Structures are given as structure tokens and as C-alpha cells.
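Reading through the C-alpha cells given below for one structure.
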Amino acid sequence: MDTSTLQSEIRKIAKEKGIFILAHSYQPMEIQEIADYVGDSLDLSKKAMESGSKKIMFCAVKFMAETASVLSPEKKIMIAVEEAGCPLANMITPEDVVEMKKKYPKAKVVCYINSPIEVKALSDVICTSANALKIVEKTDSDEIIFIPDQGLGSWIASKTKKTLHIFNGYCPIHWLMDADQVRTTKAYHPDALLVSHPESNPKVRELSDHVCGTSGMITYVKENPGRCFIIATETGMKQRLEKMFPGERFVLATKNITCPNMKKTTLEKLLESLREEKHVITVNKEIADRARTAIERMHG
Ligand code: 13P
């Protein structure tokens, strides 16, 4: 089947079965095009809850679907591709959190949403890139254990007076982005504005005109019409911005900023998962109950 036939078939099956399709902005464009909703990790966690649909198919990575499953245990939450994981989330274990809590007994644990559900269950509150600073500021302690991302953690540490004990996890595509290559891209486009994701390493962030999560990038482009933008995040976001703002110019900060896990979703795999309603996410009840408290604190 060609792309548009596959897309029509997906829409047809989703409608027949009453399945709401959610996609993250890093998904391939042909997936974003047929989703009921495309958003950042904060939006997706809310949309799954708010949607009237009892069945949700995630086109994203596993921690995003797991979070939704914990928030909406009465819904059937599925993921299009079961093995779409997140290397950053997999860098931390519950034992790591227990050890940090022993070392810093007075600190509260703020956990980035890119983490396993068992780690969320040991945390006081969850955050995303869109609300991390706000969450750290309103957490009732001047001492914070920030897990698992050192990119986001070091960015927040530079913006708050609180003491942060940061776990050393990282997102390979953001943290390992080469600052020299970014400098070269800037030199080719001297009038462009460089926007980077807070998971990026400090050397890239220092070169940036603005640092924000993926939904913040949409706002930034809206607020700066008529400019060229250098995008330092996953390539799906650049494609989304190009689609939303056809009059603006976008350039990737370096070559190949591609998340292999986000790109595991294909139209064929999505169609098969919808037809068979497979890859249902299940979370152990005790862990889900503890993680829910931390996630609900984020939503306020
Ligand atoms: P956003 O919440 O900014 O979409 O980021 C999600 C993510 O996984 C970044 O790597």
C-alpha cells in the first residue's frame, strides 16, 4: 500500500474502533499527519486523560504511554511499537534513587517524565521540560534530587537558587550534539535564531538564543516572525514547525539529530497495532498508585 492508502486505512480503523491516536512531535511526519493530536510530553499526558475515548494508541516512546496508563487505568492504553524505548529513561534504576535518597535525606525528588514508572513511584513530583523550573521552584524544599537527566538538571540549576543533586543520565541525541558543528551552522546562517532543547549539553545551550521544550519552540517561532530558525532538537520537530509555519525557514543545528526509537513507528506497524489492538500497557497496581501521586502533583 502507498502512504496515502495506508493513512486512510489507519483513519478508517481508528474511527471504527473508537481509538484516539496521540503522537509526539518527534514522530515521522506521515504519523503526525494522521494523529488526532500531536504534542509534547506534558500535552500527551493530559490529552490521554481528557479524551472521551476509552482506547488510546500512542505513537511515541514507552514512558509516555506508561504515564498515560497510570493516569487513566480505566482506559486501554496501547503503544504502536512495543520496543520503542528511551535510552535516557533506561539509565536510571529504582536502586539509584534509593541510594541518592540515603545520601541526601532532606531533599525532595523531582523526576523528569523521561523515566521508568518504578522510578516515578519513588519520586515526590514529576516534571517535563515545559514545567521543570516551575515544579522545582514550588517543591517544598531548598534541596532537590533531580533525576535522571543531567542536561535538564544543569539548565534548571543555572536558573534557581535551590541546591540540586543531579543524576548523570542523558539523552544521547541532545547531550552528544557537537557544539562545533552547531557553531558552523550558525556561521552559515548568521541572522538565524538558535533554539535548543534543555536536554542539550551546556556548550550548545550557551550558543542558543532561546532554550525551551518542544511546545515552547512553537511559541518562540510565533513570537519571532520572519526569522530563520536553527533547531537543536530531534528532526521531527523541525518538520512539524515547517508544516505549521510554511512561510518561515528552519535549519537543523547539526546533521542527523534523529531519535531511532521515535522513528520505529511506521504506518504499517501502526495499522497492525490498531487492527489487533495490541501492545497494551500494563503497570503493577502498587507501583501505579505511588507513581500517580507524583504525576498528579505535576498537574497541580
Ligand atoms: P518535550 O516534552 O519537550 O516534548 O520533550 C520530550 C523528549 O523526550 C525530549 O527528548
Side-chain angles (χ1 to χ4, degrees), residues 22-29 31-32 35 37-48 58-68 71 79 81 84-92 110-117 119-120 125-136 146-156 167 169-177 195-201 204-205 208 210-221 229 231-241 244 252-254 256-265 295 298-299:
L22 286 173
H24 188 266
S25 306
Y26 294 163
Q27 286 289 297
M29 187 39 73
I31 300 287
Q32 295 192 32
Y37 187 81
V38 182
D40 70 356
S41 22
L42 183 61
D43 295 333
L44 297 185
S45 75
K46 286 185 181 156
K47 270 282 169 224
F58 265 82
C59 299
V61 289
K62 201 164 174 200
F63 74 81
M64 297 181 181
E66 254 178 8
T67 307
L71 290 174
I79 184 156
V81 178
C86 169
L88 162 60
N90 295 338
M91 282 179 196
I92 190 160
V110 177
C111 175
Y112 188 33
I113 197 162
N114 300 41
S115 52
I117 205 71
V119 164
K120 288 187 178 75
V125 60
I126 308 305
C127 71
T128 72
S129 60
N131 61 18
L133 181 59
K134 193 175 106 196
I135 298 284
V136 164
F146 192 91
I147 54 173
D149 184 38
Q150 61 180 305
L152 182 60
S154 58
W155 185 62
I156 300 297
F167 188 76
Y170 59 89
C171 160
I173 73 141
H174 286 103
W175 188 252
L176 304 178
M177 204 183 294
V195 198
S196 64
H197 197 279
E199 287 177 14
S200 308
N201 68 66
V204 169
R205 293 199 312 254
S208 304
H210 192 56
V211 179
C212 58
T214 55
S215 53
M217 291 183 185
I218 296 171
T219 311
Y220 188 66
V221 172
F229 300 88
I231 304 298
T233 194
E234 214 277 343
T235 172
M237 190 62 211
K238 172 181 167 276
Q239 291 165 340
R240 180 162 185 220
L241 290 166
M244 291 182 81
L252 262 193
T254 69
N256 301 328
I257 322 180
T258 302
C259 171
N261 283 286
M262 285 285 185
K263 300 309 191 229
K264 282 179 181 163
T265 320
I295 303 166
M298 163 175 83
H299 287 155

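Just so it is clear, the structure is predicted and the values come from calculations on it, not from any experiment. For ligands, and for the atoms within them, numbers begin at 1 and follow the listed sequence. Side chains included, hydrogens not; waters and symmetry mates left out as well; all remaining heavy atoms used.
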Determine, stepwise, if the pair Met237 / Ile218 fulfils side-chain contact (heavy atoms from CB on, under 4.5 Å). CA-CA 9 Å; Met237 190 62 211; Ile218 296 171; 3.7 Å; yes
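Atom OH of Tyr170 is surrounded by 12 or fewer heavy atoms from other residues, nucleotides or ligands within 6.0 Å.
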For ligand 1, output the ligand-protein N/O contacts shorter than 3.5 angstrom; if there are none, return none.
from, atom 1, to, atom 2, distance (Å)
ligand 1, 2 (O), Ser41, N, 3.3
ligand 1, 2 (O), Ser41, OG, 2.5
ligand 1, 2 (O), Ser129, OG, 3.4
ligand 1, 3 (O), Ser129, OG, 2.8
ligand 1, 3 (O), His197, NE2, 2.9
ligand 1, 3 (O), Thr214, N, 2.9
ligand 1, 3 (O), Thr214, OG1, 3.3
ligand 1, 4 (O), His24, NE2, 2.7
ligand 1, 4 (O), Thr214, OG1, 2.6
ligand 1, 5 (O), His197, NE2, 3.3
ligand 1, 8 (O), Asn114, ND2, 3.0
ligand 1, 10 (O), Glu199, OE1, 2.9
ligand 1, 10 (O), Glu199, OE2, 3.1

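With respect to His174, the side chain to side chain donor-acceptor pair (under 3.5 Å) criterion is satisfied by exactly one of Asn201, Thr233, Asp149: Thr233. Only one option out of Ser200, Ser196, Ser154 pairs with Arg205 in a side chain to side chain donor-acceptor pair (under 3.5 Å); it is Ser154.
When only modelled atom types and interatomic distance are considered, Thr214 and Arg240 share no side-chain donor-acceptor pair under 3.5 Å.
Rounding to the nearest 0.5 angstrom, the gap separating the OH atom in Tyr26 from the CE atom in Met64 is 8.0 Å.
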